[in-house]
Amino acid sequence: MPAFSWCRPAARFNGDVVSGIAVAPGVTLWREYFSRTEQQALLDEVMARIAVAPFYRPVMPGSGKPFSVEESNFGPLGWMSDKNGYRYQPTHPLTHEPWPGIPAPLMDLWRKIADAPDAQCCLVNLYRGPARMGLHQDKDEKAMDAPVVSVSLGDDALFRIGGETRRGPTRSVTLSSGDVMMFGGPARLAYHGIDRIKPGSSALISGGGRINLTLRRVTST
């Protein structure tokens, strides 16, 4: 199968083309891609789906240690972790029902900036208090030519990204509500994570915290 053209360097805001910020080779950031009004509308769509597919706390393979973040998923496939390992599956691990569909604004975003077949998974991470995400690679997908697209809602977060080795140099950037980040091409297997959030930096989410929406293409066809 031919490789996808993984990245478009610009997005459209109200019909105008706006270039993203090149954070690193293969990593592009769009500041406040979603306006405050659009953030609230997107959050409302997210929380309506969470009522059907509630947040749960995954555990690490083998050890069973709980994640510090809570998770859910939207789309035909959802990413999950339990004692048996990492994988994608079509149903919620607690309700055993299919995941809700990906909200239209997120699919529209994917189609504008990711030159790849449609996303099949939207991983939803909820960060509150000391929650963080250690450095890791997104490598459970077969569609490695498609980028990863991330949307931030709520409190600021310190995002860190490096290269394809865990011990390599990294760089950090603060992600704020409405920001969009995409990494692919030379950065598709970059180690990345969230070092911490800044509680109280946004009033968007009731009860505080940050929701990260990560769009991925899973299969290669």
Are [Y] and [X] connected into the same hydrophobic cluster when the rule is that any two of I, L, V, M, F, W, Y join if their side-chain heavy atoms are below 4.5 Å apart?
{"X": "Leu94", "Y": "Met60", "answer": "no"}
{"X": "Phe55", "Y": "Leu43", "answer": "yes"}
{"X": "Ile50", "Y": "Met107", "answer": "yes"}

Could you tell me whether a side-chain N or O of [X] sits under 3.5 Å from a main-chain N or O of [Y], the two making a donor and an acceptor?
{"X": "Gln137", "Y": "Leu189", "result": "yes"}
{"X": "Gln39", "Y": "Phe34", "result": "yes"}
{"X": "Arg128", "Y": "Gly208", "result": "yes"}
{"X": "Ser177", "Y": "Gly154", "result": "yes"}

TODO: Taking side-chain hydrogen bond (donor to acceptor under 3.5 Å, both in side chains) as the test, write out the residues that go with Glu141, two or more places apart.
DONE: Tyr88, Arg188
Is any side-chain heavy atom of [Y] closer than 4.5 Å to one of [X]?
{"X": "Met182", "Y": "Val148", "value": "no"}
{"X": "Ile102", "Y": "Leu215", "value": "yes"}
{"X": "Glu71", "Y": "Leu123", "value": "yes"}
{"X": "His136", "Y": "Tyr86", "value": "no"}
{"X": "Val151", "Y": "Leu42", "value": "yes"}
{"X": "Ile113", "Y": "Trp30", "value": "yes"}
{"X": "Asn212", "Y": "Ser150", "value": "yes"}
{"X": "Pro61", "Y": "Asn84", "value": "no"}

Distance (rounded to the nearest 0.5 Å) between [X] [atom1] and [Y] [atom2]:
{"X": "Ser176", "Y": "Glu32", "atom1": "OG", "atom2": "CD", "result": "9.0 Å"}
{"X": "Ile21", "Y": "Leu29", "atom1": "CD1", "atom2": "CG", "result": "4.5 Å"}
{"X": "Leu109", "Y": "Leu213", "atom1": "CG", "atom2": "CG", "result": "10.0 Å"}
{"X": "Leu175", "Y": "Ile194", "atom1": "CG", "atom2": "CD1", "result": "5.5 Å"}
{"X": "Asp108", "Y": "Arg111", "atom1": "CG", "atom2": "CZ", "result": "6.5 Å"}
{"X": "Ile197", "Y": "Met133", "atom1": "CD1", "atom2": "CE", "result": "12.0 Å"}

Under a 3.5 Å threshold, yes or no: a donor from one side chain and an acceptor from the other, between [X] and [Y]?
{"X": "Asp140", "Y": "Trp79", "answer": "yes"}
{"X": "Thr219", "Y": "Gln120", "answer": "yes"}
{"X": "Arg210", "Y": "Ser152", "answer": "yes"}

I need the minimum non-hydrogen distance between [X] and [Y], along with the two atoms involved.
{"X": "Pro103", "Y": "Phe74", "answer": "CD-CD1, 3.7 Å"}
{"X": "Val69", "Y": "Ala131", "answer": "CG1-CB, 4.1 Å"}
{"X": "Cys121", "Y": "Gly78", "answer": "SG-CA, 4.1 Å"}
{"X": "Ala146", "Y": "Arg217", "answer": "CB-CB, 3.7 Å"}
{"X": "Thr174", "Y": "Arg31", "answer": "O-NH1, 2.6 Å"}
{"X": "Ala53", "Y": "Ser72", "answer": "O-OG, 2.7 Å"}

Task: Flag if over 12 foreign heavy atoms under 6.0 Å of CZ, Arg171 - done: no
TODO: Show the numbers, then the answer: is there a side chain to side chain contact (heavy atoms under 4.5 Å, CB included) between Leu153 and Leu204?
DONE: CA-CA 7 Å; Leu153 294 175; Leu204 180 68; 4.0 Å; yes
TODO: For Val52, check side-chain contact (heavy atoms from CB on, under 4.5 Å) against everything at least two apart and list the hits.
DONE: Pro100
TODO: Would you please name every residue forming a side-chain contact (heavy atoms from CB on, under 4.5 Å) with Pro93, sequence neighbours left out?
DONE: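 Pro93 satisfies side-chain contact (heavy atoms from CB on, under 4.5 Å) with Tyr56, Met80, Gln89, Trp99 only.
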Open item on the list: Do the side chains of Arg216 and Asp138 get close enough for a salt bridge, i.e. N-O under 4.0 angstrom?
Closed with: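 Between Asp138 and Arg216 there is a salt bridge, with a charged N closer than 4.0 Å to a carboxylate O.
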Open item on the list: Show me the pairs that pass salt bridge (Lys or Arg N to Asp or Glu O under 4.0 Å) and involve residues 146-161, at least two apart or across chains.
Closed with: Arg160-Asp195
Open item on the list: Show every salt bridge (Lys or Arg N to Asp or Glu O under 4.0 Å) that has at least one partner inside residues 48-59, sequence neighbours left out.
Closed with: Glu45-Arg49, Arg57-Glu70
Task: Under 4.5 Å side-chain linkage, directly or through intermediates, the cluster mates of Leu135 - done: Tyr191
Task: Test side chain to side chain contact (heavy atoms under 4.5 Å, CB included) applied to Cys122 and Leu106, Leu77, Asn73, the passing residue - done: Leu106
